[in-house]
Amino acid sequence: MRAPLTVKIILTLLVAGGVGAGCGFELRGTPRLPEGTSSVYVRAPVDIATELEVYLRDAGAGIARARQDAEAILDVGAERFDQRLLSVDPNTGKEREIEVSYAVSFSLTKSDGTSLLEPQTVTLLRDYVFDADQVLGKSREQGVLHQEMRRDAAQQILRRINAALGN
């Protein structure tokens with residue numbers, strides 16, 4: 001009796017896999033880079049450059065250490081973090097909720113200078129609650145928030161490259 005149940009499960013998994021593969025379904029993750037971007041030179045501020053290099057490697061690109069060794073050059077401008085006060089504590093008048101914005105511009109060119117992707121800007125917004133009684137923890141939380149925003153921006157840059165280059 002056990003064998004028919006096992007066979008049914010295996011057949012169900014095979015059919016489901018075949019249907020999923022047939023419709024072009026892929027698990028969400030780091031996208032593969034299009035042709036002509038297998039070796040990328042990243043010119044960016046250190047923190048976001050680290051994130052970009054991780055995602056580029058995951059996407060199958062090699063990271064060129066010299067501009068002349070690359071098929072494509074990813075040029076990322078300066079990062080800009082800004083803060084805006086969203087609300088104050090009604091009892092103390094101290095800041096309560098803060099919005100953090102992050103913006104970074106980028107472009108992608110071939111090694112010969114031909115533009116693959118015109119300059120674009122990625123802008124992200126996050127907000128968090130500030131507690132004046134936990135200043136040390138909140139400053140650490142803000143550092144983590146900045147790192148997560150860089151990571152999100154790096155993923156968006158890669159998705160935009162794929163969308164623009166038809167992958």
Side-chain angles (χ1 to χ4, degrees), residues 10-84 86 98-128 130 136-167:
I10 291 172
L11 285 175
T12 303
L13 290 173
L14 287 174
V15 169
V19 169
C23 72
F25 173 79
E26 288 184 35
L27 290 174
R28 184 175 176 194
T30 304
R32 305 303 294 170
L33 288 175
E35 292 296 320
T37 55
S38 63
S39 175
V40 180
Y41 176 75
V42 179
R43 189 181 145 270
V46 173
D47 291 329
I48 193 163
T50 302
E51 294 295 336
L52 284 165
E53 288 175 3
V54 167
Y55 288 117
L56 285 166
R57 279 189 193 101
D58 287 348
I63 304 301
R65 292 294 157 209
R67 195 177 185 100
Q68 63 271 15
D69 298 336
E71 290 182 11
I73 292 100
L74 178 58
D75 194 8
V76 180
E79 303 174 300
R80 191 176 66 247
F81 282 101
D82 291 316
Q83 287 190 162
R84 184 173 71 116
L86 293 179
I98 297 170
E99 178 183 73
V100 177
S101 67
Y102 173 73
V104 64
S105 298
F106 70 97
S107 64
L108 185 70
T109 57
K110 287 184 179 179
S111 58
D112 65 5
T114 306
S115 179
L116 290 171
L117 189 59
E118 294 299 319
Q120 298 184 20
T121 301
V122 171
T123 304
L124 302 170
L125 296 173
R126 302 287 188 274
D127 63 299
Y128 71 98
F130 182 80
L136 291 177
K138 288 300 175 178
S139 66
R140 182 174 170 94
E141 179 182 352
Q142 189 175 23
V144 169
L145 184 65
H146 284 189
Q147 190 59 34
E148 287 175 358
M149 291 174 86
R150 281 186 190 103
R151 190 172 298 124
D152 289 349
Q155 289 174 346
Q156 277 195 30
I157 288 170
L158 222 59
R159 283 193 297 272
R160 288 186 187 188
I161 289 169
N162 278 318
L165 299 181
N167 198 16

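With rounding to the nearest 0.5 Å, the separation of CZ in R151 from CG in L52 is 12.0 Å. To the nearest 0.5 angstrom, L117 atom CG is 6.0 Å from L108 atom CG. Here CZ of R150 is found 4.5 Å from CD of E79. Values are rounded to the nearest 0.5 Å. Distance CD1/I63 to CG/D69: 12.5 Å, rounded to 0.5 Å. Here S107 contributes atom OG and I157 contributes atom CD1; the two are 10.0 Å apart, rounded to the nearest 0.5 Å.
Of all the heavy atoms in L124 and M149, the pair that sits closest is CD1-O, 3.1 Å. Heavy-atom minimum distance, A61 versus V40: CB-CG2, 4.1 Å. Closest approach of V104 and G77 over heavy atoms only: CG2-O, 3.6 Å. The minimum heavy-atom distance between Y55 and A154, with the atom names listed, is CD1-CB, 3.8 Å. In terms of heavy atoms, V100 sits closest to Y128 at CG2-CE2, 3.6 Å.
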- Message: Run R65 and E53 through salt bridge (Lys or Arg N to Asp or Glu O under 4.0 Å) and show every step you take.
- Response: CA-CA 11 Å; R65 292 294 157 209; E53 288 175 3; 3.5 Å; yes
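Residue pairs that meet the ring-ring contact (aromatic ring centres under 6.0 Å, His included) test with at least one member in residues 58-82, sequence neighbours left out, are F81-Y102, F81-H146. Residue pairs meeting the ring-ring contact (aromatic ring centres under 6.0 Å, His included) criterion with at least one member in residues 105-126, sequence neighbours excluded, do not occur.
By the 4.5 Å heavy-atom criterion applied to side chains, I161 and L74 are counted as neighbours.
A donor atom on one side chain and an acceptor atom on the other are found under 3.5 Å apart for E51 and Q147.
At a threshold of 4.0 Å, the pair R84-D82 does not count as salt-bridged, since none of the basic side-chain nitrogens sits closer than that to a carboxylate oxygen.
Contacts of T123 classified as side chain to side chain donor-acceptor pair (under 3.5 Å), with partners at least two apart in sequence or in another chain: none.
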